[in-house]
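Worth saying up front: this structure is predicted, and the values here are computed from it rather than measured. By convention in this document, chain letters (A, B, ...) are assigned in the order of the sequence lines, proteins followed by strands, and residues within each chain are numbered from 1.
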Amino acid sequence: MAELELDSITKVFHDGDEEIVAVDDVSLTIEDGEFLVVVGPSGCGKSTTLRMVAGLESITSGAIRLGDDVINDVKSQDRDIAMVFQSYALYPHMTVQENMSFGLEESTGLSDDEIGARVEETASTMGIGDLLERRPDELSGGQQQRVALGRSIVRDPEVFLMDEPLSNLDAKLRAQMRTELQRLQEELDVTTMYVTHDQTEAMTMGDRIAILNEGELQQISSPLECYHAPANRFVADFIGEPGMNFFDVDREGDELVSELFTYPLSDWMVDDLGDTSELVFGIRPEDVSLVDVASAEHDFEAVVEVVEPMGDENTVHLHFAGHPDSSIVASVGGLQNVSQGEELAAHIPEEAIHLFDRQTGKVLHNRRLDSEEAVDATL
Amino acid sequence: MRDIFARRKSDDESTDRSDETRADGGVARAGREKPGVVGRTRRALDRRFGEDFVESAPFWFPAFLLMALFVYGAILWNLVISLTDYEGFGLAGPDYSNLDFEMYVRAFNDSNVINASINTFVLVIGFTLTTLVVGLLLALLVDRGIRFENTFRTIYLLPMSLSFVVTAQFWLWMYNYDNGVVNIVLGTIGLGPIDWLGNQSIVLWAVIFALTWQFSGYAMVVYLAGLRAIPDDNYEAAMVDGASTVKMYWRVIIPQLKGATISASVVLMVFALKAFDFLYALVSGYRPPAGTDILATLMVREAYQNTNWAYGSTIAIILFVMALLIIGPYLIYQFRRDNL
């Protein structure tokens with residue numbers, strides 16, 4: 001078990017004369033025993049980063065340290081890492097038993113008896129003890145998934161690398177495995193780097209999450225911090241489903257003006273903005289509440305376009321009154337009765353808004369949290 | 001009331017059943033109530049050989065008839081001839097009244113036949129194994145993402161497109177004792193000259209070498225297709241699991257080429273059994289170099305040079321049985337895997 005450190009990692013692919021920067025100067029540290037989720041849209045360089053740690057991809061510049069040793073030039077075989085692949089990559093001609101013992105046979109000097117004992121022990125904790133004699137093509141997707149996990153767990157490596165291991169499972173099984181993986185990782189206490197494009201996995205599983213876009217690290221912090229205090233507009237947009245509402249606004253004195261609405265600001269907010277006047281206004285759907293009539297200064301008249309009932313909540317798509325091309329999404333309680341075409345008012349509370357610099361995308365102001373201490377404790 | 005329901009139910013069921021056969025693409029049977037003799041026979045055939053046996057006959061029966069007559073019929077006729085004593089150019093043709101296994105007894109006691117069988121066996125096994133090994137090594141090297149991969153693949157496959165006659169002719173020149181390129185090259189490092197085609201104990205291996213040269217490209221292509229089917233992450237998983245390159249190939253990749261190995265070796269073995277053309281072209285005659293006489297050459301020599309028709313047929317049947325022993329297990333393997 002060890003700390004894994006990526007120090008200004010860069011990866012450049014060459015396609016003819018063209019240079020494609022897949023990973024651009026990424027630095028991050030995964031503490032000993034920490035579960036770090038790397039998340040981002042497809043093509044953001046997250047898998048490439050993971051493969052560089054695994055030694056399957058060369059590093060253009062920068063250093064990867066495992067414990068105190070730089071492992072840039074250590075061959076994949078000698079890195080003492082275990083990886084779970086998206087397609088599981090089980091060896092089709094071997095039984096589950098052989099699949100699981102292969103790594104131990106190749107990377108350790110353990111005797112056959114010891115290997116057998118360890119494989120059996122791991123298999124029974126993974127609940128695949130009765131499948132040991134089967135071949136991968138005789139297993140269901142979920143069982144193959146468990147074997148792939150068991151195969152890396154049995155090696156007891158310094159670092160676990162997981163490349164979207166749950167993406168081939170159906171939704172129910174995925175939720176179940178998500179919990180199980182978390183429990184396992186906690187039990188084993190192994191440094192884990194987990195790559196996914198699924199933000200639910202990122203939010204629920206990681207101690208911290210690292211968000212990548214176009215090869216660049218956008219933010220690395222706890223899931224709740226990424227959600228409530230995004231570092232920039234990309235993070236705010238990427239995390240959260242349905243996504244945050246954004247509006248381009250210009251600041252005029254202590255008002256935010258857009259063609260859709262004029263939003264008065266309090267003094268305590270104005271300080272955060274400095275002298276930037278071109279802004280992006282952001283509000284999460286669940287912070288928008290729907291009221292019958294616009295009675296306060298932060299209420300705006302809107303018309304309901306579509307209601308998507310989810311049971312526990314309704315996702316309501318609206319447009320601002322008089323602007324049928326505009327769009328704002330609100331999540332309201334499942335029992336609040338909203339119907340299509342209804343005219344009402346969207347209340348956008350001042351405490352919940354985010355403001356970003358329109359040029360750089362950087363955040364200028366994040367929402368205020370009611371009890372800062374409570375969130376701090378979870379960060 | 002209950003009776004009505006029961007009858008309705010059974011009616012529904014029978015309708016369902018007849019619908020099912022129609023949905024299968026079969027023809028709904030009109031004469032279901034009173035099947036005549038034809039109808040009964042047809043239904044019996046269908047039950048025995050599967051749905052639509054009779055209806056589909058126009059599609060498969062003509063081809064079946066041609067194959068039966070000209071391939072399997074010919075084999076059967078050959079078997080019958082081998083049981084006669086037919087020889088020479090008699091006007092009467094073979095005498096079918098007196099069939100016995102005399103020719104087989106003669107063959108099993110004939111040192112020529114025994115010798116040719118051993119040579120055939122060595123040729124089949126030696127050629128197939130070396131070709132598979134060379135082909136596998138070439139495939140593994142070409143598959144490593146080298147530059148000009150397609151060019152190399154074409155170069156290695158090209159000899160396969162040559163006819164046996166051409167290959168035989170220029171290996172004849174290359175193996176020439178005095179000025180063949182093989183002896184000249186060996187001479188520069190102080191070896192030889194070696195009489196490749198004249199020395200009885202090495203001539204068979206010289207032939208095997210030449211055939212391997214011609215067919216290892218084919219084995220390579222079959223293996224390449226097999227390698228392409230193995231996903232990259234299998235290599236990567238083996239690497240992350242700590243396997244060295246050699247171990248990775250030996251334990252993870254090569255075992256997955258089992259199917260490719262089996263299909264390539266069946267084709268190669270059949271080629272080896274047919275090496276007659278090569279040996280015939282090597283000497284332009286029925287008598288191959290001493291030490292390379294195989295069943296195919298012996299068979300043709302006995303039949304067409306010595307006009308021992310029955311004896312030639314007997315050797316042909318022995319060769320046929322050997323081929324069957326090779327093909328049989330393959331067919332069973334394919335059948336078990338539901339590929340037949």
Side-chain angles (χ1 to χ4, degrees), chain A residues 47 50-57 74-95 98-110 115 135-137 144 147-165 168 193, chain B residues 132-133 135-136 139-140 143-151 222-265 329-330 332-340:
Chain A
S47 281
L50 189 82
R51 290 167 58 80
M52 284 194 282
V53 177
L56 299 171
E57 210 73 74
V74 178
K75 281 203 290 182
S76 177
Q77 283 91 334
D78 306 321
R79 287 197 184 186
D80 198 14
I81 45 174
M83 183 157 166
V84 181
F85 293 81
Q86 180 176 3
S87 60
Y88 315 142
L90 298 175
Y91 310 126
H93 59 292
M94 296 186 191
T95 61
E98 288 164 340
N99 262 289
M100 288 177 72
S101 31
F102 182 81
L104 286 175
E105 287 165 10
E106 293 299 330
S107 65
T108 66
L110 292 177
I115 290 175
R135 279 175 205 281
D137 59 1
Q144 289 185 23
V147 175
L149 269 178
R151 181 171 75 173
S152 39
I153 289 171
V154 76
R155 295 230 352 249
D156 191 18
E158 298 270 6
V159 178
F160 269 139
L161 303 177
M162 306 199 183
D163 190 0
E164 311 207 9
N168 286 355
M193 187 171 172
Chain B
L132 286 177
V133 170
L136 177 61
L140 292 181
D143 193 50
R144 293 205 59 126
I146 54 166
R147 217 175 262 249
F148 310 123
E149 185 187 319
N150 286 332
T151 317
V222 175
Y223 275 129
L224 270 180
L227 284 170
R228 291 288 142 81
I230 300 174
D232 283 347
D233 54 22
N234 253 274
Y235 294 82
E236 290 172 352
M239 274 162 71
V240 175
D241 262 349
S244 62
T245 308
V246 176
K247 280 286 189 101
M248 172 180 82
Y249 277 112
W250 184 246
R251 294 195 60 189
V252 175
I253 304 305
I254 293 177
Q256 294 190 48
L257 296 172
K258 197 170 123 198
T261 306
I262 289 175
S263 44
S265 43
Y330 174 70
I332 292 170
Y333 169 80
Q334 291 288 15
F335 185 71
R336 289 237 177 95
R337 292 181 42 163
D338 279 340
N339 286 344
L340 283 187

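Listed here is the closest heavy atom pair of Gly242(B) and Ser107(A): CA-CB, 4.3 Å. Residue Pro92(A) comes nearest to Asn234(B) through the heavy atom pair CD-OD1, 3.9 Å, listed as atom of the first residue, atom of the second, then distance. The two residues His93(A) and Pro255(B) have their closest heavy-atom pair at CD2-CB, 3.3 Å.
Of the atoms belonging to Glu105(A), it is side-chain heavy atoms, and not backbone ones, that fall under 4.5 Å from chain B. Looking at Leu161(A), there are no atoms closer than 4.5 Å to chain B (heavy atoms on both sides), in backbone or side chain.
Under a 3.5 Å cut-off, the side chain of Tyr91(A) and the backbone N or O of Arg251(B) do not form any donor-acceptor pair.
Among Met83(A), Gln77(A), Glu106(A), Arg79(A), the one residue that satisfies the side chain to side chain contact (heavy atoms under 4.5 Å, CB included) test with Met239(B) is Gln77(A).
Summarising the local packing, CZ of Arg144(B) is surrounded by 12 or fewer heavy atoms from other residues, nucleotides or ligands at distances under 6.0 Å.
The shortest side-chain heavy-atom distance between Arg155(A) and Asp241(B) falls under the 4.5 Å cut-off.
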